[in-house]
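The structure under discussion appears below in the form of structure tokens.
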Amino acid sequence: MNHISLDCVIFGFNNNELKVLLLHLKYSKEYTLPGGFLKHNETLEQAAQRIVKESTGLNNLFLKQFKAFSDPHRSKSNKAIFDADMAGTKPDMTFFGKRFISVGFYALVDFRKVKPTPDLFSDRCDWVSLTADVSMLLDHKQIIQEAISTLRLQLNQQPIGLKLLPHKFTMPELQTLYETILGRDLDRRNFQRKILNYNILDKLRERKTGGAHKSPYFYSFNVERYKKALEEGLSGIW
């Protein structure tokens with residue numbers, strides 16, 4: 001269905017930094033979000049799962065639809081890039097110059113488990129820092145910003161971290177994740193009190209070793225209570 005597409009913002013957390021998975025086009029200097037057109041026999045959600053799996057190799061991920069992008073002129077810059085950079089190449093990209101509406105989804109994935117895989121039109125699939133200044137196709141920078149804004153709102157309504165952090169993590173590591181998403185510092189004591197009140201964590205007996213300060217305890221998410229919080233929501237704002 002070449003008038004309905006999907007663009008997927010795939011977030012991963014590595015070395016205390018939030019990153020997004022991007023495709024680098026073969027015949028252009030631009031990066032693009034993993035995406036594609038909706039097939040006649042699938043729902044938007046099924047299409048999003050398919051697209052994310054093709055780029056990451058992972059199944060059954062947390063996916064959230066956050067906005068439709070329908071500017072009538074959003075395809076014009078797209079066509080100009082392909083006309084200039086792909087002239088004489090085999091792929092016929094003329095249909096990308098037509099108008100199409102794109103539905104945005106974002107996914108939260110475990111960075112360590114992803115196998116970045118380029119698609120037919122890309123030569124690389126890279127993890128790119130959100131602070132990196134890269135050239136992107138169409139309105140894909142705007143799509144990423146909208147995804148971040150939605151993710152920040154989700155922090156006030158649902159838990160985040162199960163798909164982004166390893167199985168066991170420390171409280172400072174969890175706080176760093178929240179601070180990275182929010183783009184600001186949080187008070188340590190207030191953060192710990194609030195996150196523990198959500199009752200979605202299990203404190204482990206094991207401590208993290210090798211640090212210069214007092215070794216913090218490891219925690220893990222209680223999956224059953226975490227999923228319940230996803231369904232019923234949380235109270236309070238960060």
Side-chain angles (χ1 to χ4, degrees), residues 6 8-14 16-21 42-53 55-68 103-114 130 144 146-208 216-238:
L6 293 86
C8 297
V9 184
I10 304 172
F11 290 117
F13 190 67
N14 183 54
N16 294 330
E17 188 175 20
L18 197 63
K19 298 182 178 181
V20 63
L21 195 64
E42 63 184 359
T43 66
L44 285 169
E45 290 74 20
Q46 289 170 337
Q49 289 283 355
R50 168 177 58 82
I51 289 167
V52 172
K53 181 182 179 182
S55 296
T56 66
L58 302 178
N59 282 309
N60 302 318
L61 297 173
F62 177 88
L63 278 168
K64 187 176 182 66
Q65 180 181 328
F66 61 94
K67 188 174 181 178
V103 181
F105 282 80
Y106 72 78
L108 307 177
V109 302
D110 187 336
F111 184 94
R112 302 164 305 157
K113 296 180 180 179
V114 172
L130 289 176
I144 292 174
E146 293 284 354
I148 285 288
S149 296
T150 306
L151 187 59
R152 288 171 177 167
L153 288 175
Q154 186 189 336
L155 286 179
N156 298 323
Q157 303 163 354
Q158 294 177 311
I160 282 178
L162 182 61
K163 298 293 185 178
L164 290 170
L165 293 171
H167 172 68
K168 60 182 183 179
F169 50 86
T170 65
M171 190 65 69
E173 289 170 342
L174 181 59
Q175 181 173 338
T176 298
L177 171 61
Y178 272 64
E179 290 176 336
T180 301
I181 294 172
L182 291 169
R184 58 184 172 87
D185 294 335
L186 298 171
D187 179 79
R188 181 181 62 82
R189 292 184 179 179
N190 287 341
F191 175 84
Q192 182 167 325
R193 181 175 65 252
K194 187 170 184 177
I195 204 73
L196 290 176
N197 285 341
Y198 286 154
N199 197 29
I200 57 174
L201 298 179
D202 290 331
K203 186 176 182 180
L204 308 180
R205 294 183 178 181
E206 182 183 356
R207 289 178 180 264
K208 184 175 183 178
Y217 280 100
F218 279 113
Y219 288 81
S220 66
F221 286 109
N222 184 293
V223 177
E224 183 177 344
R225 294 198 294 268
Y226 187 100
K227 290 182 177 179
K228 185 178 180 180
L230 282 176
E231 296 172 357
E232 298 180 357
L234 301 171
S235 60
I237 61 175
W238 291 99

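Counting only heavy atoms from C-beta outward, the side chains of T170 and R207 never approach each other to under 4.5 Å. L204 has its side chain out of reach of Y217: every pair of non-hydrogen atoms, C-beta onward, lies at least 4.5 Å apart. Under the 4.5 Å side-chain criterion, counting only non-hydrogen atoms from C-beta, S220 is in contact with H167. Between I181 and R152 there is a side-chain heavy-atom pair separated by less than 4.5 Å. Put simply, the side chain of L151 does not reach to within 4.5 Å of the side chain of F66, judged on heavy atoms.
One distance of note links CD of Q175 with CG of D185; it measures 8.5 Å at 0.5 Å rounding. Here the CG atom belonging to L108 is positioned 10.5 Å from the NZ atom belonging to K64, to the nearest 0.5 angstrom. One finds the CD1 atom of I10 at 5.0 Å from the OG atom of S55 (value rounded to the nearest 0.5 Å).
Remark: R193 engages no residue in a salt bridge (Lys or Arg N to Asp or Glu O under 4.0 Å) (not counting sequence neighbours). The salt bridge (Lys or Arg N to Asp or Glu O under 4.0 Å) search around R50 returns E42, E54, not counting sequence neighbours. With sequence neighbours excluded, no residue satisfies salt bridge (Lys or Arg N to Asp or Glu O under 4.0 Å) with K19. Under the rule for a salt bridge (Lys or Arg N to Asp or Glu O under 4.0 Å), the partners of K168 that lie at least two apart in sequence or sit in another chain are E206.
The two residues A107 and L63 make their nearest non-hydrogen contact at CB-CD2, 3.4 Å. Taking every heavy atom of both residues into account, G12 and L164 meet most closely at CA-CD2, 4.0 Å. The two residues D110 and L165 come nearest to each other via the heavy atoms OD2-O, 4.3 Å. Across all non-hydrogen atoms, the minimal contact from E173 to F13 is O-CE2, 4.4 Å. Between I160 and Q154, the closest heavy-atom pair is CG1-NE2, 3.6 Å. The minimum heavy-atom distance between E179 and L186, with the atom names listed, is OE2-N, 2.9 Å.
Looking only at atom types and distance, the side chain of Q49 has no donor-acceptor partner in the side chain of E45 under 3.5 Å away.
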Checklist entry - Do L58 and V52 pass the side chain to side chain contact (heavy atoms under 4.5 Å, CB included) test, and can you show the C-alpha distance, the side-chain angles, and the key distance before you say yes or no? => result CA-CA 7 Å; L58 302 178; V52 172; 5.9 Å; no
Side chain to side chain contact (heavy atoms under 4.5 Å, CB included) evaluation trace for I148 with Y106: CA-CA 9 Å; I148 285 288; Y106 72 78; over 6 Å; no
Please lay out, stage by stage, how I200 and N222 fare under the test side chain to side chain contact (heavy atoms under 4.5 Å, CB included). CA-CA 5 Å; I200 57 174; N222 184 293; 5.7 Å; no
Checking side chain to side chain contact (heavy atoms under 4.5 Å, CB included) for the pair L174/Y219: CA distance, chi angles, key distance, verdict?
CA-CA 9 Å; L174 181 59; Y219 288 81; over 6 Å; no
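The ring pair (Phe, Tyr, Trp, His ring centres under 6.0 Å) contacts involving residues 171-195 comprise Y178-F191, Y178-W238, F191-W238, where partners must be two or more places apart or lie in separate chains.
Judged by a 6.0 Å distance limit and a 45° cone about the ring axis, K163 is not positioned over the six-membered ring of F62.
For E17 (side chain) and N14 (main-chain N/O), no donor-acceptor pair under 3.5 Å exists by modelled atom type.
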Listing, residues 223-231 side-chain donor-acceptor contacts under 3.5 Å, not counting sequence neighbours, or none:
from	atom 1	to	atom 2	distance (Å)
R225	NE	N199	O	2.6
R225	NH2	D202	OD1	2.9
Y226	OH	P159	O	3.3
Y226	OH	G161	N	3.3
Y226	OH	L162	N	3.3

